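Below you'll find the structure, written out as structure tokens, and then a few comments.
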Number of protein chains: 2
Amino acid sequence: MPVTLKDIAAKSGFSVTTVSRALAGYNDVSQNTRSQILAIADELGYQPNQVARQLQKQSTNTVGLIMPARQDFHDDFFSVLFKGIIYTAAQHNFDVLISTTQHGEAEMEAYRRFAGGNRVDGLIVARTYRDDPRIEYLKSIKHPFVVAGRSALGHGSDFAYIDYDSQTGIEQLVEHFVAYGHRNIGIILPDEALAFSEYRFAGYQGGLKKAGILFRESFVEYGDMTYAGGVRTAQTLLNRNPELTAIIGCNDLMALGAMAAVQNCGLQVGQDIAVGGFDGIPAAERATPPLTTVSQPIYELGEMLTDLLIQLIADSPTDTVQRLLQPELIVRASSGQPRR
Amino acid sequence: MPVTLKDIAAKSGFSVTTVSRALAGYNDVSQNTRSQILAIADELGYQPNQVARQLQKQSTNTVGLIMPARQDFHDDFFSVLFKGIIYTAAQHNFDVLISTTQHGEAEMEAYRRFAGGNRVDGLIVARTYRDDPRIEYLKSIKHPFVVAGRSALGHGSDFAYIDYDSQTGIEQLVEHFVAYGHRNIGIILPDEALAFSEYRFAGYQGGLKKAGILFRESFVEYGDMTYAGGVRTAQTLLNRNPELTAIIGCNDLMALGAMAAVQNCGLQVGQDIAVGGFDGIPAAERATPPLTTVSQPIYELGEMLTDLLIQLIADSPTDTVQRLLQPELIVRASSGQPRR
DNA sequence: GCTGGTATCCGAAACGTTTCGGATATATAC
DNA sequence: GTATATATCCGAAACGTTTCGGATACCAGC
């Protein structure tokens, strides 16, 4: 029994049309009737039905985000990205609709519900996979979207995206380690299925090559982006390669896990083994010792993505915006002192 | 130009009604026509318009959450609560609609839009204030909602809520410190306007009283729930009261800040000054030294709230569920050894 | 008195679904 | 043969808005 325009119309004696126009501020309704109508609306506590309005206007003032379920949950990436998104959306008077699914058919189903089902005006897609079906779908139905990240290395990316140049970032981290005298540098990569995994791997190889260091398969492991996964994977790496003097975790959480693994071995982070991460989350700075990392400001990424998406919704764009941002190497105690 | 029921009707030669019923699986449509219709729907890539469906069904399968903007942003509480909510909502095939606002009129506006505007079937309200206008509003329009937290001490709470008994939690923490030989225990409280601030204060006073320790106004400060705020406030507390040997931060973030402040003074956390927190966030466990804290599993709180809300939406309840959960004291190195 | 303009109002259609209450045709029962 | 049941379909109304295209009344200008 919420109050509708019809109720106000009945009580005021005017038509639904006039009530609607009075409330919307059109100037073809007299001052007198407008104030009557406003008074009644106020008295009845009228609240326009947003769903009806959306149906009529064919727009929702809502952006959508579909997050991976569970296993990535304690990854700070989405938390922070998400904060940037909802805060920026609110600035533009947009709400944010969220769902979580496992990767796979359920995920596509959610995208169809949000985009095809007209629940949102635009979508932000994050964590791209190689040949990502979500992107294909959104392109096919011409629904506005922006992507955090690109397609995998070598695949074309003909859509709006914003991404940090993690290849260069990791390369700089490797160079930093090399400059400190390290030559046996291990790396914990993200899941191979993730598009950005390749860029980081390429950065690792690029850094080694520049330094004239031979790439060794055995120094590479894949982790699951979690703290616990970092502990586990670093353990494996250290057991298999006692000669390692440095480890790169491809996100800060895994790097923090790696630090713990090093300490568990009775070794000193920064003395015996240098550790570096990627992301620049707050916990990295607060760790003991503080973590050297490649910082990609995620909150700001969320802001930029949202601004871009909303702009894209407002005026269908002429050219597709693609922005590649430079991350910043932040050296802290976890990489220790130059070794000679 | 998304495809609608009308398009399928036109192409198949059946009426919109029949198409609708075929797709919905009613049994008053023959196997033959059903399969024709399904085929065409599939071919055209039909995706039901959720907004139209919501309008007709007068329900949205969506729960709403309105988060405080900015200053609380780097508080992990909402991030984790939020994860619990969206994950559980997804289990029930509910989406989650989010907005952020500053506390105040804009916040009420958002509640009206979500609840009165029929955008969501139910709301989760968190961070209650004393005599919270949001709760009054939702009660007045009889919109389903559940609350994380209660009204302020002494005010009646005639609505569905789930809360941790933080009074008992803080009391236990005080008792723990007392048992370790501390008598000069400072506390950093949350903003007074927050309903739970009073419970924690009461717990502090209760703990002191049990131990026969006189309450001293000067040992109390109010913080803003952030890490930086914790550093600042602990600093103030320590400068003013050099006799302090223990500090309680009323959330982990402020407690971690307090640890940093202690260390900045050249003092040892756990040796010179004991520190305890409240929440049990992951960072507390990983801190150096690990933080003694009163753990209130927030993710689980989000799960329970969402389950309760959805149940409340499904069958209007007979009695209002109110659950008071016991938090758990977790002793770690930040509280050091017994002093004698 | 007629014309044109302006101010104010409103009916009806539309957005895309779902559903109520039939309508039609065919089969079954007697 | 009629009466009843069943299977299959559909028109129209409804959900609550917004908006297009008038309609009406009144005024000024000639």
Side-chain angles (χ1 to χ4, degrees), chain A residues 1-38 40-41 44-62 112-121 141, chain B residues 1-38 40-41 44-62 112-121 141:
Chain A
M1 50 225 58
V3 18
T4 70
L5 287 183
K6 207 192 286 186
D7 299 325
I8 302 181
K11 181 142 188 178
S12 68
F14 293 101
S15 75
V16 167
T17 300
T18 301
V19 173
S20 172
R21 298 182 74 82
L23 293 173
Y26 283 77
N27 64 359
D28 66 348
V29 23
S30 75
Q31 267 313 321
N32 187 13
T33 74
R34 183 195 308 284
S35 54
Q36 280 182 55
I37 288 174
L38 284 180
I40 295 181
L44 263 40
Y46 172 70
Q47 206 47 45
N49 182 312
Q50 301 289 338
V51 175
R53 183 175 277 180
Q54 286 175 13
L55 177 60
Q56 151 68 28
K57 293 223 158 185
Q58 293 290 84
S59 94
T60 59
N61 267 39
T62 305
R112 278 193 288 266
R113 183 157 35 92
F114 275 27
N118 249 302
R119 289 214 65 184
V120 300
D121 291 342
I141 65 168
Chain B
M1 50 224 63
V3 18
T4 69
L5 287 184
K6 208 192 289 187
D7 297 326
I8 302 181
K11 181 141 189 178
S12 67
F14 293 101
S15 74
V16 167
T17 300
T18 301
V19 173
S20 172
R21 298 182 73 83
L23 293 172
Y26 282 76
N27 63 359
D28 65 348
V29 22
S30 76
Q31 267 312 320
N32 187 12
T33 75
R34 183 195 310 283
S35 53
Q36 280 182 58
I37 288 175
L38 284 179
I40 295 181
L44 262 41
Y46 172 70
Q47 206 47 43
N49 183 311
Q50 300 290 336
V51 175
R53 183 175 276 180
Q54 285 174 14
L55 178 60
Q56 149 69 30
K57 292 223 158 182
Q58 294 290 84
S59 95
T60 60
N61 267 39
T62 305
R112 279 193 288 266
R113 182 158 34 91
F114 276 27
N118 249 302
R119 289 214 66 185
V120 300
D121 291 343
I141 66 168

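All of these numbers come straight from a predicted model, not from anything done at the bench. Naming convention: chains lettered A, B, ... in sequence-line order (proteins, then strands); numbering from 1 in each chain. Every heavy atom of this structure was used, including side-chain atoms; hydrogens, water molecules and symmetry mates were not.
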- [ ] Report yes if a donor N or O on one partner sits less than 3.5 Å from an acceptor N or O on the other, where the partners are the side chain of Thr17(B) and the base of dT19(C); otherwise report no.
- [x] yes
Open item on the list: It should be established whether Tyr46(B) places a side-chain nitrogen or oxygen under 4.0 Å from OP1 or OP2 of nucleotide dT17(C).
Closed with: yes
Open item on the list: Without decimals, in angstroms, what is the distance between Asn118(A) CG and dG16(C) P?
Closed with: 8 Å
TODO: Please work out if Asp28(B) contacts a base, only the sugar-phosphate, or nothing of the nucleic acid, heavy-atom cut-off 4.0 Å.
DONE: base
Open item on the list: I want to confirm an ordering. Mapping Leu55(B) and Val29(A) to their closest nucleotides on DNA chain C, which one lands closer to the 5' end?
Closed with: Val29(A)
- [ ] Output the distance between atom CZ (Arg53(B)) and atom CG (Asn118(A)), rounded to the nearest 0.5 Å.
- [x] 12.5 Å
Task: Atom-pair distance (CZ on Arg119(A); C1' on dT17(C)), nearest Å - done: 14 Å
TODO: Would you kindly give the OH-to-P distance between Tyr26(B) and dT6(D), to the nearest whole Å?
DONE: 20 Å
Open item on the list: From the set dC15(C), dC9(D), dT18(D), return the single nucleotide nearest to any side-chain atom of Lys6(B).
Closed with: dC15(C)
Task: d(CZ, Arg21(B); P, dC10(D)) in whole Å - done: 12 Å
Open item on the list: Is the phosphate of dG16(C) approached by Gln58(A) (side-chain N or O, under 4.0 Å from OP1 or OP2)?
Closed with: yes
Task: Any Val19(B) side-chain heavy atom under 4.5 Å of Ser12(B) side chain - done: yes
- [ ] Supply the atom-to-atom distance Arg119(B) CZ to Gln47(A) CD, rounded to the nearest 0.5 angstrom.
- [x] 12.5 Å
TODO: Send over the distance from Leu23(B) CG to dC9(D) P, rounded to a whole Å.
DONE: 13 Å
Open item on the list: Both Thr18(B) and Lys57(A) contact DNA chain D. Taking the nearest nucleotide for each, which residue is further toward the 5' end?
Closed with: Thr18(B)
Open item on the list: Any heavy-atom pair between the side chains of Thr18(A) and Ile37(A) that's under 4.5 Å?
Closed with: yes
TODO: Give the rounded distance in Å between these two atoms: CD of Gln56(B) and P of dA14(C).
DONE: 19 Å
Task: Sugar-phosphate only, base, or nothing, as touched by Val51(A) at under 4.0 Å among non-hydrogen atoms - done: nothing
Task: For atom CG of Asp7(B) and atom P of dG16(C), their distance in whole Å - done: 9 Å
Task: Between P of dT19(C) and CG of Leu5(B), the distance in whole Å - done: 12 Å
Task: Short side-chain N/O contact to dC10(C) OP1/OP2 from Ser15(A), under 4.0 Å - done: yes
TODO: Check whether any side-chain heavy atom of Leu23(B) sits under 4.5 Å from a side-chain heavy atom of Leu5(B), and report yes or no.
DONE: yes
Open item on the list: With a 4.0 Å limit, can you tell me whether Thr33(A) has a side-chain N or O closer than that to the phosphate oxygens OP1/OP2 of dC9(C)?
Closed with: yes
Open item on the list: Classify Ser30(A) by what it touches in the nucleic acid, base, sugar-phosphate, or nothing, heavy-atom distance under 4.0 Å.
Closed with: sugar-phosphate
